[in-house]
2 protein chains.
Amino acid sequence: MLNSPPRRHVLPRALAAVPDGDLAAPFESLGNPTRLRIVERLAATREVRVSDLALQLGVSQPRLSWHLRLLRRSRIVTTRREGREVLCRLDREAILDHLGRFRALIDGRLSIDPTPSPAAVLGVPTRENPLPEVLP
Amino acid sequence: MLNSPPRRHVLPRALAAVPDGDLAAPFESLGNPTRLRIVERLAATREVRVSDLALQLGVSQPRLSWHLRLLRRSRIVTTRREGREVLCRLDREAILDHLGRFRALIDGRLSIDPTPSPAAVLGVPTRENPLPEVLP
DNA sequence: ATGATGCATAAGGAATCGTTTATCAAACAG
DNA sequence: CTGTTTGATAAACGATTCCTTATGCATCAT
C-alpha cells in the first residue's frame, strides 16, 4: 500500500566518482567563492584544522565539511586524520597537474573528448569550416 | 487587489558584471563540460562561426549562445561580428592572466578577500591556531 | 518590400547547488 | 561507562543552472 520511497536522484553528481583526467571537476570546485577562499586560506597556512578553518572563514561546520568533500574529490585539497581532528592542506602537486593539462588543452595539445561530435562524424562541411585547420 | 508581479530575481547572477580580478567567474565558466568542450574546440581552430561551433559540438544554437555569453563575461573567449555572422575565438591573453593570478593565489602571494573574516576580526584564538603562521 | 539566414533572448521545467538545522559516529576525558 | 568534542551526514528549502522550444531582430538575397 505504501508508495515506494521518494528517492529523488540516483546520485547527486557532486558525489559521483571523478574521472582521473577530468578538468571540469577541479574548475567547478574553484568556481565557487567560498571554496576559493578556502584555497586562499590553505595557501597561506601549511595545514589547518577543519574547525579552525570554519571559524576563520565564518562558514558553518557542516557546510565546510561539504565544500571540503568537493575539494577532496576534485583533488584540490587533501585531509588527514589526527585523533579526532582532521587537518587539511592544499594538494599543490595535483593542482599543478590540473593546470598543466589545462595549458595543454589551451595549446591544442590535448583532447578532453576522444569521441568526435555527431556532426563531426557526419562530416558536416558547414560552408567553409568543414572542421577548420589546426593551429601550426 | 492584484499581487505585485512575481518577479523572481533581481538579476540572474550569470548576468551580473564580473569584477576585474575575479577568479571565481572564469573558473565557474570552465567548470562546465560543455563550455570546456567549446574551449577545446576553439583551441584547435583560430576562429569559428557560432553556427559551425554548434554543429560540431552538437549543441543547440540558443544554448551555445548562452554558454558563449558566460565565456565572454568571464573573459575566456571574444567574439566579433562579421555581417550577420559572429566569429569567436579564445581570449588567450586573458586566460593566461587568470592563470597567473591563480598561481599567485596558490603561492600565497594574492588575497582575494581583503576584509578579514568575522572570526579573524574577533581574534578567536582557537586552541593553537590563532591565525596560523604564513609560509616562508 | 519579402523572404531567408544567423544569432540573441524570453519562457518554462527538471536537476543541481548552497546553506541551515538537526543528528550521527568516532575519539578522547573524567 | 558517561559526557564532550570534532567532524561527517541527513533533511529540507530557496536560488541557480542547464536545457528545449518559441520568439525577436538584425543582415543579406531576391
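Naming: A, B, ... by sequence-line order, numbering from 1 per chain.
- C/dA27 atom P lies 13 Å from atom CD of A/Glu85, rounded to whole Å.
- Within the structure, a side-chain polar atom (N or O) of B/Asn32 is placed less than 4.0 Å from OP1 or OP2 of D/dC18.
- In this structure, the CZ atom of B/Arg69 is 15 Å from the P atom of D/dC19, given to the nearest Å.
- The residue among A/Thr34 and B/Leu64 whose nearest nucleotide of DNA chain C is located toward the 5' end is B/Leu64.
- Atoms CG (A/Leu53) and C1' (D/dA8) sit 15 Å apart, rounded to a whole Å.
- By the rule that hydrophobic residues join a cluster once side-chain heavy atoms approach within less than 4.5 Å of another member, A/Trp66 and A/Val18 end up as members of separate clusters.
- Counting any heavy atom pair closer than 4.0 Å across all strands shown, B/Arg72 reaches sugar-phosphate atoms only and no base atom.
- Closest to the side chain of B/Glu28, from the set C/dT9, D/dT17, D/dA8, is D/dT17.
- No side-chain heavy atom of B/Thr79 sits under 4.5 Å from any side-chain heavy atom of B/Leu87.
- Ion pairing between B/Arg80 and B/Glu47 holds under the 4.0 Å rule for side-chain N and carboxylate O.
- A/His67 has its NE2 atom 16 Å from the C1' atom of D/dG7, to the nearest Å.
- Classified by interplanar angle (parallel below 30°, tilted 30° to 60°, perpendicular above 60°), the ring pair B/Phe27/A/Phe27 is parallel.
- Helical stems of DNA chain D (runs of at least 3 Watson-Crick or G-U pairs, donor-acceptor distances under 3.5 Å) are listed by first residue: C:1-30 with D:1-30.
- Remark: P of D/dT6 and CG of A/Asp52 are 9 Å apart, rounded to the nearest angstrom.
- Across the protein-nucleic acid pair, B/Leu71 atom CG and D/dC18 atom P stand 11 Å apart, rounded to whole Å.
- Between the C1' atom of D/dA11 and the CH2 atom of A/Trp66 lies a distance of 13 Å, rounded to the nearest Å.
- Applying the 4.0 Å criterion to OP1 and OP2 of C/dC7, one finds that B/Ser51 has a side-chain N or O inside that range.
- Remark: the A/Thr78 side chain and the A/Arg72 side chain contain no N/O donor-acceptor pair separated by less than 3.5 Å.
- Counting heavy atoms from C-beta outward, B/Val77 and B/Arg89 have side chains that stay 4.5 Å or more apart.
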Base versus backbone protein contacts along nucleotides 21-30 of chain D [heavy-atom cut-off under 4.0 Å; B, S, -]: BB----BB--

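- In the set C/dC7, D/dG7, D/dT9, C/dC7 carries the atom at the smallest distance from any side-chain atom of B/Arg49.
- Taking A/Arg81 as the reference, nothing meets the salt bridge (Lys or Arg N to Asp or Glu O under 4.0 Å) condition, with sequence neighbours excluded.
- Remark: side-chain polar atoms of A/Ser65 are not paired, donor with acceptor, to backbone N or O of A/Gln61 under 3.5 angstrom.
- The heavy-atom pair separating A/Asp22 from A/Ala24 by the smallest distance is OD1-N, 3.0 Å.
- For the pair B/Phe27 CZ and D/dT17 P, the interatomic distance rounds to 18 Å; values are reported in whole Å.
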